[in-house]
Amino acid sequence: GNKNMNAKLVLLGDVGAGKSSLVLRFVKGQFIEFQESTIGAAFFSQTVAVNDATVKFEIWDTAGQERYHSLAPMYYRGAAAAIIVYDITNQASFDRAKKWVQELQAQGNPNMVMALAGNKADLIDARKVAAEVIPLGTKLKYSSSNQDMSKIVVQDRKPEAQTYAEENGLFFMETSAKTALNVNDVFSEIAKRLPRL
Ligand code: GTP
Ligand code: MG
């Protein structure tokens with residue numbers, strides 16, 4: 001097969017979920033606390049090595065604001081891969097992510113490699129979207145900036161992101177553009193899953 005390939009990739013997701021921040025981390029290794037909301041879309045490219053081949057991603061970072069929704073098909077049409085981003089501290093952003101998955105399943109390239117990224121994973125104390133089923137009675141331990149805390153789960157948490165991803169043919173990772181957790185990994189995993197020429 002072809003050792004060097006180009007792949008069009010689109011990021012979709014709610015306003016403020018962290019799409020631009022993930023791209024900035026991946027492409028430039030930087031993070032900005034006051035990242036400006038994207039207008040229209042922004043283009044970047046970055047190459048990753050997989051085994052003995054390279055994949056040059058042509059990345060479309062779309063705007064999450066609803067008024068730009070009608071532009072989205074221009075960016076996901078013909079895309080080989082999509083990263084659908086939500087913010088783990090914002091339930092509405094997860095609901096919005098599911099809507100994007102539905103739209104891609106209906107209108108996108110059927111062979112598209114799709115990743116679901118639960119971003120802002122550094123904000124554990126503010127988590128609203130469970131990554132996996134947390135059974136009743138589980139004692140959750142987490143540390144806040146200056147104290148150790150724990151709480152008992154008194155209600156089954158919904159098996160949200162992981163299960164949703166499995167049922168819909170996406171792969172799932174929690175990411176943090178701030179700490180760089182899993183950012184390169186999402187792109188590498190996509191590169192590995194792309195159909196080879
Ligand atoms: P639109 O362009 O409006 O669709 O938003 P976006 O999805 O591109 O979000 P953006 O990257 O602009 O991030 C929104 C805010 O969240 C910014 O203030 C970022 O600094 C912050 N942010 C992004 N990723 C993370 C993260 O992983 N952790 C934390 N703590 N903050 C983040
Ligand atoms: Mg943006």
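Atoms within a ligand are numbered from 1 in the order they appear, just like the ligands themselves. In what follows, every heavy atom counts, from backbone to side chain, and hydrogens, waters and symmetry copies are set aside.
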Result, protein N, O or S atoms below 2.8 Å from the Mg ion (ligand 2), excl. waters, equals 2
message = Regarding Tyr76 and Gln107, do their side chains bring together a donor and an acceptor under 3.5 Å, going by distance alone?
response = no
among protein heavy atoms, the one nearest atom 14 (C) of ligand 1 is Gly16 O, 3.6 Å
Closest to atom 17 (C) of ligand 1 among protein heavy atoms sits Glu33 O, 3.6 Å
Distance-only criterion, 3.5 Å: show the donor-acceptor pairs between side-chain atoms of residues 33-42 and protein atoms not counting sequence neighbours.
residue: Glu33; atom: OE2; partner: Lys178; partner atom: NZ; Å: 3.1
residue: Ser37; atom: OG; partner: Gln65; partner atom: NE2; Å: 2.9
residue: Thr38; atom: OG1; partner: Ser20; partner atom: OG; Å: 2.8

Candidates Gly64, Ser21, Ala41; heavy atom nearest atom 11 (O) of ligand 1 found on Ser21
Ligand 1 to Leu123, heavy atom cutoff 4.0 Å, flagged ligand atoms 30 (N)
Note: heavy atom closest to atom 28 (N) of ligand 1, options Asp87, Asp122, Asp61, belongs to Asp122
Can you label the angle between the Phe57 ring and the Phe26 ring as parallel, tilted or perpendicular, going by 30° and 60°? perpendicular
One finds that the ligand 1 atoms under 4.0 Å from a non-hydrogen atom of Lys19 are 1 (P), 4 (O), 5 (O), 6 (P), 7 (O), 8 (O), 9 (O), 11 (O)
Please determine if Lys128 forms a cation-pi arrangement with Phe94, meaning its NZ or CZ atom is less than 6.0 Å from the six-membered ring centre and no more than 45° off the ring axis. no
Next on the checklist: Quiz question: by atom type and distance under 3.5 Å, do the side chains of Ser176 and Asp122 form a donor-acceptor pair?
Outcome noted: yes
Ligand 1 N/O within reach of Thr62 N/O, cut-off under 3.5 Å
no
A student comparing Gly40, Gly18, Gly13, Ser37 should find that the heavy atom closest to atom 3 (O) of ligand 1 comes from Ser37
